2 protein chains.
Amino acid sequence: MLAAKTFNQQDRFAHLRELLRSAKHTVKIRKGTFLFQEGMAAAELYLILSGKVQISKICADGKEMCFRICGPGEIVGELTLFTAEPRYLLTAKVIEDGEVAAIKKDDLEQQLLTNPSLTYEYMQWVSTHARRTQTKFRDLIMHGKKGALYSTLIRMCNSYGVKLDNGSILIDLTLKNQDLANFCGTTRESVNRMLNTLKQQGVLSIKRGKITIHDLDYLKQEIQCENCPVDICCIE
Amino acid sequence: MLAAKTFNQQDRFAHLRELLRSAKHTVKIRKGTFLFQEGMAAAELYLILSGKVQISKICADGKEMCFRICGPGEIVGELTLFTAEPRYLLTAKVIEDGEVAAIKKDDLEQQLLTNPSLTYEYMQWVSTHARRTQTKFRDLIMHGKKGALYSTLIRMCNSYGVKLDNGSILIDLTLKNQDLANFCGTTRESVNRMLNTLKQQGVLSIKRGKITIHDLDYLKQEIQCENCPVDICCIE
DNA sequence: AACAAAGTGTGATTTTTATCACTTCGGGAT
DNA sequence: ATCCCGAAGTGATAAAAATCACACTTTGTT
């Protein structure tokens, strides 16, 4: 969310982004550490300046459900805004060194409420986010695990995809089978088997941990995709 | 959402509700008809005055995923707010005769942006909603179909539950096995078998289509419930 | 009361998904 | 080059869930 999308769309959230960029307080983040963990009291949210952060829910039994992978320009911790006793619901793990700007939740709330153009942008942003989450989970639940994987791949094309000359789309993230499994709510082995079938069918190929989708339409067809707008059909 | 909760909580959204109640234009709704259907251009949202409306997504292959069942005091169609080219994403089917107040989307947006206490309440409302949706779908995906059903039952206790003298909780809705299946993303038969097992274990009982939960803790334990706040742990 | 319609309950079977237990591959580090 | 390690790949099996087919109940209607 609030990402500098690879598939260009004009920036509907210019004021909001600008405000966040003006934050004075920045923090370096190191791979393997946590920006925050679920349950922690939350007083700040973060704008990623560089590096990558993975947002996920960690279960009591060790299972992990991954929601998004955030890069430069994205905000994390936004779900704590406008809540009475704010605690992080999710865990933010740093997966690539970088730096974040820390924004005090209270300050930001103040600004969002008092600056009209910010108010408007924020409402638009939250609304888009709600629609996105709803469609995403619908996909994850309604067409079995295969549907969950296909939907995840389609959304990743929209979130992290780079269009190649030959028309294929490179998902510009290094993803292990396990990572993908965590996005879909399935197992590493299942993901592996499904990916290999798709490889054999020529729907995609994988090189050095990066997936290239050759036949996006095939994936869309299989989950009865209705071609929702790109700002809805992406990873959170 | 914005429901007059059966489990009392003070009304954090008093101004918002009041505004909506003041809408002049009301419409009678008849069981079996649709308040709106997905894909339709959306210019209004609705406050339910009486009757019941079911919000769901209908798939190309006939499958249905149910999101919520709304009664008096609840708003439907809110996902269209602050979107550029508004279309309903979901379908609202009337399941009990009643009446709704229709609110012009544009008017409401105007009010939400210009009246500060409304702005604040709306932001709180949307935020709560986002957290709720996220935790709900996490439950639906992470613990298999049994987890999906248990989570749905727990949330229904919070949304529609009436506490009985003996400590049990009556879910005050007439639900068919198929309805529950649509909430959980599973089949009627699976729901039936799971419910019967729970009956035998004394966890719940069913009388005239209404479920009473005797051992809520059992359900919570099975899905590693972390006792999130009631305003998060309910049906949308 | 009799009947139809809708919904529930259940066995048998198939399909999907997870789990377990390995083997193989590929890219650093020594 | 060789060793090592984490990840990928894969067969065998078990468990979970869906599907099919049909009997049984309940509910509402004439």
Side-chain angles (χ1 to χ4, degrees), chain A residues 31-32 54 59 61-66 95-96 139-153 171 173-201 203-212 222-223, chain B residues 31-32 54 59 61-66 93 95-97 139-153 171 173-201 203-212 222-223:
Chain A
K31 181 172 172 172
Q54 187 187 63
C59 249
D61 60 3
K63 276 187 219 155
E64 194 174 330
M65 157 122 237
C66 189
I95 58 171
E96 198 179 278
D139 289 348
L140 290 183
I141 292 167
M142 291 196 79
H143 305 285
K145 298 304 179 180
K146 199 186 278 193
L149 177 62
Y150 292 5
S151 159
T152 300
L153 291 172
I171 297 174
L173 273 184
T174 308
L175 288 166
K176 285 173 287 190
N177 288 348
Q178 184 65 64
D179 296 330
L180 229 22
N182 292 345
F183 265 99
C184 304
T186 179
T187 60
R188 177 187 77 75
E189 293 93 331
S190 293
V191 166
N192 185 270
R193 285 184 237 262
M194 288 189 276
L195 284 180
N196 284 335
T197 307
L198 292 172
K199 265 193 237 172
Q200 275 158 35
Q201 294 173 299
V203 175
L204 55 79
S205 57
I206 305 181
K207 215 173 172 182
R208 310 175 130 267
K210 290 191 179 181
I211 299 176
T212 302
E222 289 287 303
I223 60 166
Chain B
K31 181 169 172 174
Q54 186 186 66
C59 249
D61 61 3
K63 276 189 220 155
E64 193 174 333
M65 156 124 240
C66 188
K93 184 161 72 181
I95 57 171
E96 198 180 277
D97 288 358
D139 288 348
L140 290 183
I141 293 165
M142 291 195 80
H143 304 287
K145 298 304 179 180
K146 200 186 280 194
L149 177 63
Y150 292 4
S151 159
T152 301
L153 291 172
I171 297 174
L173 273 183
T174 308
L175 289 165
K176 287 173 285 188
N177 288 346
Q178 184 64 63
D179 296 329
L180 230 23
N182 292 345
F183 265 99
C184 303
T186 180
T187 59
R188 175 187 76 75
E189 293 92 330
S190 293
V191 166
N192 185 272
R193 285 183 237 263
M194 289 189 275
L195 285 179
N196 284 334
T197 307
L198 291 172
K199 264 193 238 173
Q200 274 159 34
Q201 293 173 300
V203 175
L204 56 77
S205 57
I206 304 180
K207 215 175 169 180
R208 309 177 129 263
K210 290 191 179 179
I211 300 176
T212 302
E222 290 286 304
I223 58 166

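Each chain gets a letter, A, B and so on, in the order its sequence line appears, and its residues count up from 1. A quick note: this is a predicted structure, and the numbers were derived from the prediction, not measured.
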Next on the checklist: Quick one: does any side-chain atom of A:Lys145 pair with a main-chain N or O of A:Ser190 as donor and acceptor, under 3.5 Å?
Outcome noted: no

Checklist entry - Could you write nucleotides 8-19 of chain C as a row of B, S and -, 5' to 3', where a protein heavy atom under 4.0 Å of any base atom gives B, of only sugar-phosphate atoms gives S, and otherwise -? => result BBBBB----SSB

Next on the checklist: Which heavy atom of A:Lys210 sits nearest to which heavy atom of A:Ile171, and what is that distance?
Outcome noted: CB-O, 4.1 Å

Next on the checklist: Can you measure B:Tyr150 atom OH to D:dA16 atom P for me and round it to whole angstrom units?
Outcome noted: 11 Å

Item to check | Under 3.5 Å: donor-acceptor pair, side chain of A:Asn196, backbone of A:Arg193 | outcome: no

Checklist entry - Taking C-beta and beyond as the side chain, do B:Met142 and A:Cys59 meet within less than 4.5 Å on heavy atoms? => result yes

Item to check | N/O donor-acceptor pair under 3.5 Å between A:Asn192 side chain and A:Arg188 backbone | outcome: no

Checklist entry - What is the distance from CG of B:Asn182 to P of D:dA18, rounded to the nearest Å? => result 12 Å

Checklist entry - What is the distance, rounded to the nearest whole Å, between atom CZ of B:Arg208 and atom P of D:dT26? => result 11 Å

